[in-house]
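Since this is a predicted model, take the numbers as computed values, not measurements.
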Amino acid sequence: MQFSTALSQISSNTLTEFKNLTDILSPEIIEQGLSTHGIATIRKRKLPMESMIWAVIGMALFRNFSMRQLLNQLDILLPNGTPFVAPSAVTQARKKLGSEVIKTIFEQTQLQWNEKSEHPHWCGLNLYGVDGVVWRTPDTKENSESFSRASNKKTVGAYPQVRMVCQMELTSHMLINSAFDSYDVNEMKLAEGLIDTTPDNSLTIFDRGFYSLGLLNHWHNTGEMRHWLIPLKKNTQYKVIRKLGNKDYLVKIETTPQSKKKFDDLGDSIVARLVTKTVKDKEVEILTSMVDPMRFPKSDIVDLYSHRWEIELGFREMKQYMLDNRFTLRSNQPDLIKQELWGILLAYNLIRYQMVLMAKSLKNIHPNQLSFHGASLHIIHHLTQLPFISPGNIPKFVMDITKAAKQFILPSRRERKYPRALKCSKNRYPIKKAVQKNAVHLK
């Protein structure tokens, strides 16, 4: 059984009436992605390009397999009687495939899967989050020339790194888009690449590190009803235009000449809404483009920011659970690094879409309320078993994926009992005497 056939079996369930993976990731999407970039299998090869797409996905799903094991053990090749695939053939096939094909397939599938998922919304807006993550690449000459290393005044990092910014739907953790480059590229610069693909009628929640009036203004003005929400930067100067309610103001913030040069559509100032709320004895100030107090109630706006952490959980799911804490990527060349990263994002969305189907089989459960660790292990375990199962026994394994959804429901999240506190930095000098003094004082 080919790996693509094995993967196709996981989509068969009575809820969605999908017969196989061709209803989710159709051959037409793969063929279109290949033809768009002028790549095709002209003659019958042992490693056709269609199979190599599944190989790139498999690199993320089966992290403990080497490429040769992945291709040979899961039979991702045409049956021509020769079970062995040389490593050089795999590298050549991946180079021919390139990274843009996987990127195109990711973009097409995310549109299809997110449309079918029918995500819940708040006040008519779908909730998205934007944040950054760093990936470590092998220390090769080619990677070092393309990707920079983390450094400070004393040391330089051991590995070249890639900085990535992702946009994620927060109730399902499904990715919308991503942009990545060398480690020395600023996150806000990468976030600009996500503006054009942001869906209309949406609210995107940013971390305070993305505070840029030019970026936020351009984000809001592109498309229809593309709102943003971000914590107010410390010491920001603003002028109150009008009071909308208790601790709810319409404010004007002056822009800088530097930001106006960078963004042509940015004026001398922007108008935004500033909402303040006391959370656990601390004043939280949130700035947002949702200036209509009748449509967007103040009571929910500050609480919405807590959902930003969903994207952090998504990054943990990718690195810790799906990639099994193997933080260094596999590829030794920059273009293959990009290909591998798009394959990771595509594989993550594939699992997350299966979890959307699981959640639909349950009542009043969102996909982010299911355990990614448990569900992904369950799905990947079945994938590793399918090549060794007779075709007659496959249906019962397939149906288990939907029927087992209930066991992956997470308990309700606990509230933090103690406030966040900064840890003391490491001190090269002993602090034993200070500790003793404090101990006496406490007595």
| said: If we ignore hydrogens and angles and just use 3.5 Å, is the side chain of Asn349 paired with the main-chain N or O of Leu175 as donor and acceptor? | reply: yes

| task | Decide side-chain hydrogen bond (donor to acceptor under 3.5 Å, both in side chains) for Asn368 and His173; before the verdict, give the C-alpha distance in whole Å, the side-chain angles of both, and the deciding distance to 0.1 Å. | result | CA-CA 7 Å; Asn368 61 355; His173 289 196; 4.6 Å; no

| CG on Asp196 to CH2 on Trp219, rounded to 0.5 Å | 10.0 Å

| Where do Glu100 and Lys103 land on the side-chain contact (heavy atoms from CB on, under 4.5 Å) test, with the steps shown first? | CA-CA 5 Å; Glu100 291 299 317; Lys103 177 182 178 181; 3.8 Å; yes

| query | Checking Arg163 against Tyr183: charged group under 6.0 Å from the ring centre and within 45 degrees of the axis? | reply | yes

| Short N-O contact, Glu192 and Lys262, less than 4.0 angstrom | yes

| task | Let me see the working for Phe180 and Trp135 under ring pair (Phe, Tyr, Trp, His ring centres under 6.0 Å), right down to the final yes or no. | result | CA-CA 10 Å; Phe180 47 86; Trp135 299 89; 9.2 Å; no

| task | Give the intermediate values and the outcome of side-chain hydrogen bond (donor to acceptor under 3.5 Å, both in side chains) for residues Gln112 and Thr109. | result | CA-CA 5 Å; Gln112 184 183 88; Thr109 53; over 6 Å; no

| remark: Looking only at heavy atoms, the pair that brings Pro367 and Ala359 closest together is N-CB, 3.8 Å

| Would you find a donor on one side and an acceptor on the other, under 3.5 Å apart, between the side chain of Thr288 and the backbone of Met290? | yes

| Min side-chain heavy-atom separation Ser144-Arg149 under 4.5 Å | yes

| query | So, Gln369 side chain and His366 main chain: donor-acceptor pair closer than 3.5 Å or not? | reply | yes

| said: Go through it in stages, so that I can follow the logic: the residues are Thr140 and Asn332, the test is side-chain hydrogen bond (donor to acceptor under 3.5 Å, both in side chains), and I'd like the CA-CA distance, side-chain angles, deciding distance and then a yes or no. | reply: CA-CA 6 Å; Thr140 64; Asn332 293 325; 5.2 Å; no

| said: Quick check: do Met358 and Leu370 have side-chain heavy atoms less than 4.5 Å from each other? | reply: yes

| Taking atom types as modelled and ignoring hydrogens, do the side chains of Thr328 and Arg136 form a donor-acceptor contact shorter than 3.5 angstrom? | yes

| field | Worked verdict on Ser99 versus Asp335 for side-chain hydrogen bond (donor to acceptor under 3.5 Å, both in side chains) | value | CA-CA 6 Å; Ser99 61; Asp335 192 55; 3.1 Å; yes

| query | Without hydrogens or angle criteria, can the side chains of Ser289 and His227 be said to hold a donor-acceptor pair below 3.5 Å? | reply | yes

| query | More than 12 foreign heavy atoms under 6.0 Å from NZ of Lys247: is that the case here? | reply | yes

| message | Is the ring pair Phe65/Phe62 parallel, tilted or perpendicular, if the boundaries are 30 and 60 degrees? | response | parallel

| Taking Leu229 as the fixed residue, which of Val302, Leu127, Ile205 is the one that meets the side chain to side chain contact (heavy atoms under 4.5 Å, CB included) rule? | Ile205

| So do the side chains of Asp207 and Tyr305 get within less than 4.5 Å of each other, counting heavy atoms only? | yes

| query | Going by the angle between their ring planes, with limits at 30° and 60°, are Phe372 and Tyr348 parallel, tilted or perpendicular? | reply | tilted

| field | Straight-line distance of Asp200 CG to Thr222 OG1, nearest 0.5 Å | value | 10.0 Å

| message | Would the distance check show the side chain of Asn186 and the main-chain N or O of Met188 forming a donor-acceptor pair, the cut-off being under 3.5 Å? | response | yes

| message | Quick check on Glu283: does its CD atom have over 12 non-hydrogen neighbours (other residues, nucleotides or ligands) under 6.0 Å away? | response | yes

| request: List the steps and the verdict of salt bridge (charged side-chain N to carboxylate O under 4.0 Å, His left out) for Glu254 and Lys239. | output: CA-CA 9 Å; Glu254 301 293 334; Lys239 179 180 179 181; over 6 Å; no

| request: Please report the shortest heavy-atom distance between Arg94 and Ser331, naming the atom on each side. | output: NH2-OG, 2.9 Å

| pair Ile301-Arg273: side-chain heavy atoms closer than 4.5 Å | yes

| remark: In short, Tyr249 meets Val240 closest at the heavy-atom pair CD2-CG1, 3.8 Å

| request: Verify the distance criterion only: is there a donor paired with an acceptor across the side chains of Thr255 and Ser269 at less than 3.5 Å? | output: no

| said: Any donor-acceptor pair under 3.5 Å linking the side-chain atoms of Thr155 with those of Asn152? | reply: yes

| message | Quick test of your reading: applying salt bridge (Lys or Arg N to Asp or Glu O under 4.0 Å), list the pairs with at least one residue in residues 337-352, sequence neighbours left out, ordered by first then second residue. | response | Arg63-Glu340, Glu317-Arg352

| message | Can you see whether Glu169 engages Ser172 through a side-chain donor-acceptor pair at a distance of less than 3.5 angstrom? | response | yes

| said: side-chain contact (heavy atoms from CB on, under 4.5 Å) for Leu215 and Ile195? Distances and angles first, verdict last. | reply: CA-CA 9 Å; Leu215 172 66; Ile195 294 177; 3.9 Å; yes

| request: Answer yes or no: is there a side-chain heavy-atom contact under 4.5 Å between Ile337 and Phe147? | output: yes

| Close side-chain approach of Thr137 and Gln161, heavy atoms under 4.5 Å | no

| task | Drop me the distance from Leu274's CG to Lys298's NZ, to the nearest 0.5 angstrom. | result | 11.0 Å

| query | Do the side chain of Thr198 and the main chain of Leu194 share a donor and acceptor less than 3.5 angstrom apart? | reply | yes

| field | Main-chain N/O of Pro138 paired to Arg330 side chain as donor or acceptor, under 3.5 Å | value | no

| Between His218 and Phe263, how do the two ring planes meet: parallel, tilted or perpendicular, split at 30° and 60°? | tilted

| Note, Asn114 side chain near Ile176 side chain (heavy atom, < 4.5 Å) | yes

| note | Taking every heavy atom of Pro297 against every heavy atom of Trp122, the minimum-distance pair comes out as CD-CZ2, 4.1 Å

| message | So which atom in Pro120 and which in Thr171 form the shortest heavy-atom distance, rounded to 0.1 Å? | response | CD-OG1, 3.5 Å

| task | Could you check if a side-chain atom of Asn143 sits within less than 4.5 angstrom of a side-chain atom of Pro334, using non-hydrogen atoms only? | result | yes

| So with a 6.0 Å cut-off around CZ of Arg295, is the heavy-atom count from everything else above 12? | yes

| Worked verdict on Leu97 versus Val101 for side-chain contact (heavy atoms from CB on, under 4.5 Å) | CA-CA 7 Å; Leu97 181 63; Val101 175; 4.0 Å; yes

| Nearest-0.5 Å distance, CH2 of residue Trp113 to OH of residue Tyr353 | 8.5 Å

| task | Starting at CD of Glu285, measure out to NZ of Lys233 and round the result to the nearest 0.5 Å. | result | 14.5 Å

| query | Do NZ/NE/NH1/NH2 and the carboxylate oxygens of Asp248 and Lys243 come within less than 4.0 Å? | reply | no

| field | OH on Tyr238 to CD1 on Ile253, rounded to 0.5 Å | value | 9.0 Å

| message | How about CD on Glu145, more than 12 heavy atoms from neighbouring residues, nucleotides or ligands closer than 6.0 Å, or not? | response | yes

| query | Would you say the side-chain atoms of Thr204 pair up with the backbone N or O of Gly129, donor to acceptor, closer than 3.5 Å? | reply | no

| task | Examine distances only and state if a side-chain atom of Ser117 and a backbone atom of His119 form a donor-acceptor pair shorter than 3.5 Å. | result | no

